Amino acid sequence: MLSFNGMIESLVLYNYIGFLALLLALYYYISARRTFPFIIPFLLLSNFVEIGLIYYFGLVGKNNIIAYNYFNIVCILYYFYLYYKYFENKEWSKYILLVAFIWSAYAAYLVFFIDPFLYFYNSYVIGLIIISTLIILFLKDIIERKEFISVKKIPLFYFSMGIIFFAFSSLPILIFSEDLLFGTKNNIMNLLIQLGNIFLNVGYLMTVVSAGRNDKKI
Amino acid sequence: MECLEKYEIIIAFSFFLPVLSSLGLLWFLLLYQKKRYQYENDLKDAKMREQQLVIQNQESLENERNRIASEMHDELGSGLTVIKYLSDAIFSKTSDIQITADVQKIAHYSTILVGNMSEIIWAMNSRFDNLEGLIGYLRRYVVEFLEDNNLENSFIIDDVESSVIISGERRRNLFLVIKELLNNSVKYAQCDAIDITVEGKENLMITMIERNAIGFDPILLRGNGNGLYNVDKRMRHINGTISYQKIDNDMVIKIYVPLGSSST
């Protein structure tokens, strides 16, 4: 039986942070302030999957992995889009598109042709590693660019910090997920994954705040 | 046993990666701070260079003003003085009434021109771009003008910061305001004496009192002539104010001019 109270009880801290980020993004949008590119659809989808869909699947006793598999593809592709937009003027930016295409083809192949109910950590981990590389390039660009722009005024900086902290705190768990899932340390894995997600959602929240307060788009 | 080793690797890895990322971020922050410091220094340098350019421009402008003032004084001033003396010479030699009248006119206009040109030269010369320059010139003019018109006068300088900078344009406008007011006093006020007090530290305050004057209502007079209209216009131009008040038998005129760095 679906109930609102049941859903609230199942929420964890990062869900609240993500939801707050969505509300704030909507508020900024309604107040005609600048919002981060596609952040509202992204947060809507993220909240729908993380809160609504996962709770529903858990409640009806169905496998929620399929929702995660699809969402992870959208998530990584959105990250690719943001860094492509940032590096758009660079000569090598077209390779970001190429890598994004190859990665999405690989991820889609796993989901559509192997087994959609099997969680594919590999594609997600590879995607996160590529995005982390782009983040390192982004930080390098901030340091090396001619003009100085305070990172406080770059919403993508907060976004990147959220992803990088999430990636580095969750990657070991994701890489060794098989052992952890079938081992006895399942609680530790959940705890660390939740910690990573807190970083990620705080990153989203800060991005929304920063975009709303500054005039820089990305 | 093997399973335990795997967990140890995972835990070590879980610890190592965040530490590595934190060190990376720390490195980024250090480089970022360095860039920020460099940027702020560059900004300061650019501002300094800009200020130097402004000073250089001002200096070249002042030099140009001084050059023009000096050439006007040397070339035009001496020429006008020669015209005046030649007119006087013709005037003493001729007995023709028509020629005498014309020559007198030439001499008269030459004298006026010399006076006006002297005012312009004074306003242009950056050497007088301070309160001392303004008050000194005003004092000389007021005393000479009122004595020529047989009016008792006093000119009191009270608490003046003489080094305060005041531009040539403001000096000239203020001088022309005082000149117009004095002209009006002599023509219409029917007063016994004129007392002027000048105070100027942060703001310039000139108080002009026409003793036993008939007085006037500035609102009624404004539509009648150009004099008060020009006075108001000049005061607005230099961000100053002027007020007129009849107190007993005296007419009190107060001129206020702010002397902040932005208003000079």
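In what follows, chains are A, B, ... by sequence order, proteins preceding strands, each numbered from 1. Worth saying up front: this structure is predicted, and the values here are computed from it rather than measured. Keep in mind that the numbers below use all heavy atoms, side chains included, and drop hydrogens, waters and symmetry copies.
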Report task. Over all heavy atoms of both residues, which pair between A:I143 and B:Y32 is shortest? Give the atoms and the distance, please. Result ->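 In this case the closest contact between A:I143 and B:Y32 is CD1-N, 3.3 Å.
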Query raised in the report: Taking all atoms of both residues into account, what is the closest heavy-atom pair of A:E144 and B:K35, and its distance?
Result: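 Minimum heavy-atom separation between A:E144 and B:K35: C-NZ, 4.0 Å.
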Query raised in the report: Tell me, side chain or backbone of A:S150 under 4.5 Å from chain B's heavy atoms, or both, or neither?
Result: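 Looking at A:S150, backbone and side chain both touch chain B.
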Query raised in the report: Is it the case that more than 12 heavy atoms not belonging to B:K246 sit under 6.0 Å from its NZ atom?
Result: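 Yes - once you tally the heavy atoms of other residues, nucleotides and ligands closer than 6.0 Å, there are more than 12.
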**Report entry** Spatial distance of atom NZ (A:K140) from atom CZ (B:F28) [nearest 0.5 Å]
**Finding:**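 Nearest 0.5 Å value for the NZ-CZ distance: 13.0 Å.
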Requested in this report: Supply the atom-to-atom distance B:D42 CG to A:F148 CZ, rounded to the nearest 0.5 angstrom.
Outcome: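 Those atoms lie 11.5 Å apart.
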Query raised in the report: At a heavy-atom separation under 4.5 Å, does B:L25 approach chain A through its side chain, its backbone, both, or neither?
Result: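 B:L25 touches chain A through side-chain heavy atoms alone.
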